[in-house]
Structures are given as structure tokens and as C-alpha cells.
Amino acid sequence: MGISVVNLTKRFGEFTAVDRVNFDVKEGELVALLGPSGSGKSTILRMICGLETPDDGEIYLTGENATSLSIQKRGVGFVFQHYALFKHMTVWQNIAFGLEVQKFPKKEIKGRVEELLHLVQLQGYSHHLPSQLSGGQRQRVALARALAPKPKVLLLDEPFGALDAKVREELRNWIRRLHDEFHVTSLFVTHDQNEALEISDKIVVVNQGRVEQIGTSQEIYENPQSSFVAGFIGPVNVLRGKVEAGKAKVGEFEFALDSSFLEGHTDAEALIRPSDVMLDTAATSSFPKGQVKRVSFLGWGIKVDIVLMDGQIMTVHLTKERFQELQLAEGQDVYIQPRDAKVFTRKAAAQDYSI
Amino acid sequence: MSGRKKSTRYYLLALVLGYIAVLILLPIGALIANTFAKGGMTFLKVLCRQDVLHAFVLTFSLSAVAVVLNAVFGVVIAWVLVRHQFPGRNLLNALVDLPFAVSPVVAGYMLILLFGRTGWFYPLLQATGLKVVFSLPGMAIATTFVSLPFVIREVMPVLQEIGLEEDQAAYTLGANGWQTFWRVTFPGIRWGLLYGVTLTFARALGEFGALFVVSGAVSGETETATLFVFRAMDERLYQEAYAVSLTLAAVSFFVLLAMEALRKRIHEEA
């Protein structure tokens with residue numbers, strides 16, 4: 001096992017930032033720790049690295065209990081969101097730093113730094129200072145510096161957060177390829193669901209200091225275990241309604257419920273992906289009606305915002321072909337059939353899952 | 001519209017230049033003129049006087065002691081104030097500025113109260129045979145006291161600005177606290193520190209009040225350059241007073257030039 005955290009807990013005064021968190025990262029896996037800002041994901045990463053001390057729980061790195069090891073002895077590579085490069089050192093000196101303080105032989109240092117410069121495609125930049133590099137280049141130097149002393153695990157804290165969209169996209173593809181080549185056990189923190197879905201082998205979704213769900217991109221996208229996960233991963237319509245006579249009534253829609261989950265539940269929430277809705281313009285249709293409010297061009301398809309009878313808004317994604325067939329215009333009536341919906345019911349604060 | 005703006009700018013420039021001329025250039029001019037009124041040889045002869053040489057050596061030695069002590073402790077204090085949270089932090093932060101606020105004469109007097117004949121530490125000094133007041137240790141303490149805040153006030157904002165992440169990065173790469181300080185933190189604050197040191201040195205060179213109280217001003221023994229100027233004026237040795245004053249002013253001026261160069265350097269690094 002690459003990384004294992006057991007009941008990890010961190011409190012800041014009264015506030016519990018990380019609450020009994022458990023998860024594993026297998027040897028050679030690339031795992032995303034995904035959550036909104038303030039969810040405690042960075043604190044988890046900093047505890048694994050040793051920059052924060054947990055109040056409770058244990059951390060295992062490659063099978064060894066590292067909970068009370070000093071940062072220096074953990075053998076982790078850490079990549080900071082804002083690079084944290086040594087400003088007064090050249091690219092070469094930055095990458096060599098870890099090797100020098102860990103007393104690698106001189107000859108080996110030279111070879112290793114050159115190898116890493118090649119790996120991050122910055123061979124011509126060894127004498128540049130960080131201030132002379134672009135954001136993407138700086139983050140590549142930070143990555144090379146972290147990898148140089150051959151860490152057991154690599155931790156990345158919002159590694160693409162400070163970069164603009166295009167560079168971010170390039171860099172994350174590049175990191176995925178790098179990982180496929182070298183298989184360093186890696187855990188990276190992100191608040192960007194697309195980033196997590198795209199490059200990770202596995203996603204740990206964190207919210208309010210707790211793990212909400214662990215699974216592959218597909219599992220989490222297609223089978224969210226809570227309304228939080230469903231709402232956080234990918235675009236989704238959240239429609240509110242009531243539980244009535246064993247069914248969830250959400251506007252004009254009715255969804256069957258599993259009776260075992262209904263004890264005292266009064267509120268219902270239907271989560272419907274914009275791509276999981278079929279539209280029709282035929283007046284004979286028996287499906288609930290809505291009115292097209294706005295049509296937007298997305299590039300790969302068309303986004304249609306529809307006002308439902310009860311005033312809630314539903315977003316639907318159509319292919320260009322289907323949109324052509326329907327000839328939709330703003331103000332027009334449409335008939336709506338959800339193909340798939342996740343319905344969650346609740347009483348007070350507790351949340352339960354049902355189909 | 002733009003014409004009016006232009007004339008306002010000229011008035012403002014004239015005002016600034018006039019102010020500087022009256023307060024800075026004229027006095028310096030007068031000092032230079034008077035120093036060389038009797039020729040360059042007189043000036044050189046004054047500087048070769050035994051008591052003048054001794055006074056300069058003393059002034060530079062005291063300044064050097066103040067610079068070394070305040071550089072080391074200044075960095076430590078700045079570090080603690082920026083990186084640590086502890087009860088009384090705000091009080092300490094305010095106390096650090098006290099040497100700016102207290103008149104140097106008062107500072108000197110406080111030392112007398114501690115180390116003088118009726119002072120708290122007098123029995124201890126008697127027992128060990130050490131002398132503080134009216135001798136070099138007291139003068140070194142006084143000079144260090146009045147120039148204490150500079151390094152702290154220059155290093156603190158730099159430390160704040162660099163933040164913690166570079167240090168943390170060094171730790172994750174296996175560096176211990178000592179390696180991290182010398183290889184990462186120190187290079188980050190070095191220009192700020194050097195600037196603080198220059199200010200400390202300039203301030204120490206010109207110190208008069210505290211030394212006047214604490215030194216006893218014995219010619220050839222505890223008389224610094226500024227104390228010499230004071231005595232020379234008193235004894236109507238005007239040429240001597242002018243020459244030493246001008247030399248002090250010239251040294252300070254070069255220190256200022258060095259400071260300007262340093263400030264540019266700091267801005268370039270930031």
C-alpha cells in the first residue's frame with residue numbers, strides 16, 4: 001500500500017477540519033482528493049506530508065507508520081499550489097537542493113538533475129531563475145524538485161490552481177503521461193471536478209472534513225452515494241419537491257421511492273444530469289410540459305434552459321442533430337422526459353439515499 | 001488645462017528643492033566652506049591629531065559592536081515576531097520601537113540607574129571588578145540600544161513577504177532547520193538585513209546623547225567623534241570641530257549612497 005490514512009482527525013480550536021478520514025492509495029496509483037474549498041482536503045494532504053500534526057488517527061507510508069515521523073524522514077515529495085520555488089536559486093540549484101541536503105554523491109546529483117530537466121522538458125533553462133519562467137514552467141520545476149530525491153509518494157496541493165486554463169489542461173495531461181511512465185504513488189488535491197475525473201485512477205470526495213465517497217471517475221459520476229457528490233461532480237439539475245404517498249413529487253414529475261427509506265422523510269430532491277433528459281415538441285406527448293427560456297451554443301452541443309410549470313429551471317444538453325430535428329426556439333413549449341434521476345429524500349438534516 | 005497642471009508641477013518642484021536647499025544643502029555647504037577656509041592641510045592635520053584618530057577608532061568600534069549585536073539579535077527577534085504566536089507578542093512588537101521614542105539622553109540615564117554607583121547591578125560589578133558606566137561596555141550598550149530597531153523593522157516585512165512555503169518545501173526535501181535557515185531563509189532576507197545593518201551603522205555613527213551621559217567623555221579614552229566635536233566647540237577649537245564634523249557627514253553620505261543601491265536591489269528581488 002502506498003498511502004493509508006486511518007481515522008485521521010484535525011481540529012482547529014472548536015472547528016473540526018478533518019473528521020475521522022479513512023482511505024488508501026495503492027502503490028503506483030494516481031488519486032485525487034476532491035472537494036470544495038474549506039472541505040479539509042488540503043489539511044489531509046499537509047498531515048500526510050507532516051506539515052500539520054493530526055489530533056487523532058494514523059498515517060502509513062508504504063506500509064510504515066509515519067504518524068510521528070518528522071517531515072524530513074517521511075520521504076514525500078510535495079508540490080505547492082504557488083510552486084514555492086527557492087527564488088534566489090537557479091532551476092538547476094532548485095532541483096539539486098533535495099539531493100544535496102540528503103547527501104547524494106556529487107556525480108549522481110549531476111546525472112539526476114539532468115535526467116529531471118529532460119523529463120520536465122526544461123533542458124535549456126538550468127541557469128534561469130524562477131522569476132524568469134512562466135507559471136507552467138515553474139510548476140514543472142517544482143515537480144522536478146519534488147521528484148529528484150526519489151520520494152516514496154508524491155503529494156500535490158492544487159498543483160494547477162494558479163495556472164490559466166490552457167496551461168492547466170496541458171500540464172494535467174502531461175502529469176498523467178508522466179505518471180503512466182514512472183508510477184510514483186501520487187495523491188493530489190483539487191477542487192476542480194474535471195481535473196479529478198480526467199486524470200485520476202480513483203477519486204476521494206471530501207466534504208466538511210469527511211469522506212463522502214471513494215471510487216473511480218465512472219463510479220462516482222454514474223453512481224453518486226449522496227446528493228452532495230451528485231451535485232459536485234459534473235453538471236446536474238437539482239429539483240426540489242415533496243414526498244407524497246410513497247412517491248417523490250417534484251414539480252410535474254413523479255419518481256418511485258423505496259419505502260424503507262421513507263420513515264419521516266418529507267422533502268425530496270431529484271438530481272438529473274442535463275444529458276439524461278429527452279425532449280419532444282409533439283403536443284400529443286404525455287410528459288410534463290415546460291417552456292424554452294434560453295438556447296446556448298456550447299461547441300459540442302446545445303444547452304437549453306427550460307422553465308418548468310412550477311417555476312424551477314431545468315438545463316438540458318442536446319446534440320446538434322437532435323436540436324436540428326426539434327427546431328427549438330426560445331418561448332416554445334417542450335415536453336420533458338428524464339431518462340435517469342437520482343432521488344434523495346430527507347428529514348431535518350440527515351440525508352439518505354434511495355433510488 | 002494642461003498648462004495649469006504644468007505650472008503647478010513647477011511650483012511643487014521649486015518648493016521641494018527650496019526646502020531641501022535650506023534644510024540640507026545650505027548647512028552642508030557652510031560646513032564644507034568653513035572646513036576648508038584655512039586650506040586642505042589644516043583639515044588633514046586635524047585628522048592626524050592623536051585624540052581625533054582615537055575618537056574615530058572608538059566611534060567605528062562601537063558602531064561595529066552595535067551592528068553585530070543588532071544584526072544577530074535583530075534577525076532572531078524579527079523571526080520570533082513574524083513566525084510565532086505567543087501571549088505578549090504585540091507588547092514585544094511595541095517595545096522594540098522604544099529606542100526610537102525615548103530620547104538618547106534618557107536612555108543613557110537609564111544605564112546609569114542600572115550600572116552607576118547607586119545602581120541595581122553595582123554590587124555585582126564591584127564583586128567582579130567590571131566597569132560599565134564611564135567606560136567602553138556602557139558605551140557599547142548605549143550605542144546598541146539606540147540602534148536596536150532598524151534591523152528588526154527591515155527584516156520583519158521581508159520575512160512576512162516570503163512566507164513559510166519555501167521553508168516547508170525545504171523540509172519536505174529533507175533539509176533540517178539549520179540547513180533551511182542558511183540555504184533558504186537567509187538568502188531571502190539578506191538584502192533586507194544588509195539595509196537594516198546600514199541604517200544601524202549610520203545611526204550608531206551619529207550617536208551623541210546617550211554616550212554623553214554614559215561615557216564621561218574623557219579625551220583619548222572614552223571620547224567618540226561626536227563627543228570630540230562637542231568638546232572642540234566648547235574649547236573654541238573650531239577648525240577641529242569642522243573637520244571631524246565634515247568627516248562624519250561624509251561617511252554618513254556614503255553609507256546613504258550604499259543604502260540607495262541596496263534598496264534598488266531589494267526591489268529587484270521582490
Side-chain angles (χ1 to χ4, degrees), chain A residues 13 42 45-46 48-52 61 69-90 93-104 109 129-132 138-139 141-158 162, chain B residues 71 75 78-80 82-90 151 154-198 261-270:
Chain A
S42 281
L45 200 74
R46 295 172 68 83
I48 296 171
C49 172
L51 290 168
E52 302 274 359
L61 297 175
L69 272 185
S70 69
I71 309 177
Q72 288 89 349
K73 295 218 171 96
R74 289 193 190 197
V76 295
F78 199 95
V79 176
F80 293 82
Q81 179 177 3
H82 299 287
Y83 330 122
L85 293 177
F86 305 129
K87 286 188 208 65
H88 60 279
M89 294 185 204
T90 63
Q93 290 167 328
N94 264 281
I95 299 173
F97 183 88
L99 301 165
E100 283 170 9
V101 297
Q102 291 183 31
K103 305 260 187 304
F104 279 60
I109 293 177
L129 286 172
S131 57
Q132 297 166 305
R138 287 183 208 188
Q139 198 54 300
V141 175
L143 195 70
R145 180 180 69 176
L147 288 172
K150 302 189 175 161
K152 286 188 260 183
V153 302
L154 184 65
L155 307 173
L156 306 103
D157 189 5
E158 298 269 7
Chain B
V75 168
W79 178 282
V80 168
V82 171
R83 296 278 175 93
H84 295 253
Q85 288 295 332
F86 54 93
R89 185 180 166 276
N90 288 334
V151 167
E154 289 306 319
V155 170
M156 270 180 76
V158 182
L159 267 180
Q160 215 119 41
E161 164 98 22
I162 10 186
L164 280 173
E165 283 200 341
E166 283 187 44
D167 286 16
Q168 292 176 338
Y171 296 146
T172 65
L173 291 165
N176 60 33
W178 193 245
Q179 287 171 317
T180 303
F181 179 78
W182 285 113
R183 300 191 53 162
V184 177
T185 321
F186 185 77
I189 61 172
R190 64 191 158 174
W191 298 113
L193 173 62
L194 204 53
Y195 189 60
V197 158
T198 324
L262 276 179
R263 241 200 341 231
K264 269 202 198 122
R265 192 77 201 240
I266 293 170
H267 277 284
E268 276 165 21
E269 295 242 321

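Quick note on labels: first sequence line is chain A, next is B, and so on, each numbered from 1.
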Measure distances from [X] to the heavy atoms of chain B and classify the residue's part below 4.5 Å as side chain, backbone, both or neither.
X: A/Leu85; result: backbone
X: A/Ile71; result: both
X: A/Arg74; result: neither
X: A/Ala148; result: neither
X: A/Phe80; result: side chain

Q) Is B/Arg183 paired with B/Asp167 through a side-chain N to carboxylate O contact shorter than 4.0 Å? A) no
**Q.** Atom group of B/Gln168 that falls short of 4.5 Å from chain A, counting heavy atoms
**A.** both
Q: On the 0 to 90° scale, with breaks at 30° and 60°, tag the B/Phe181-B/Trp79 ring pair as parallel, tilted or perpendicular.
A: perpendicular
Q: Measure the acute angle between the ring planes of B/Trp182 and B/Trp178, then classify it against the limits of 30° and 60° as parallel, tilted or perpendicular.
A: perpendicular
Q) With sequence neighbours left out, what residues match A/Arg138 under side-chain hydrogen bond (donor to acceptor under 3.5 Å, both in side chains)? A) none
Q: Considering only heavy atoms and a distance below 4.5 Å, find which of B/Asn176, B/Leu164, B/Ile162, B/Val184 pairs most often with chain A.
A: B/Val184
Q.
To the nearest 0.5 Å, what is the distance between CD on B/Gln179 and OG1 on B/Thr185?
A. 12.0 Å
Q: Kindly compute the distance separating CZ (A/Phe78) from OH (B/Tyr171), expressed to the nearest 0.5 Å.
A: 14.5 Å
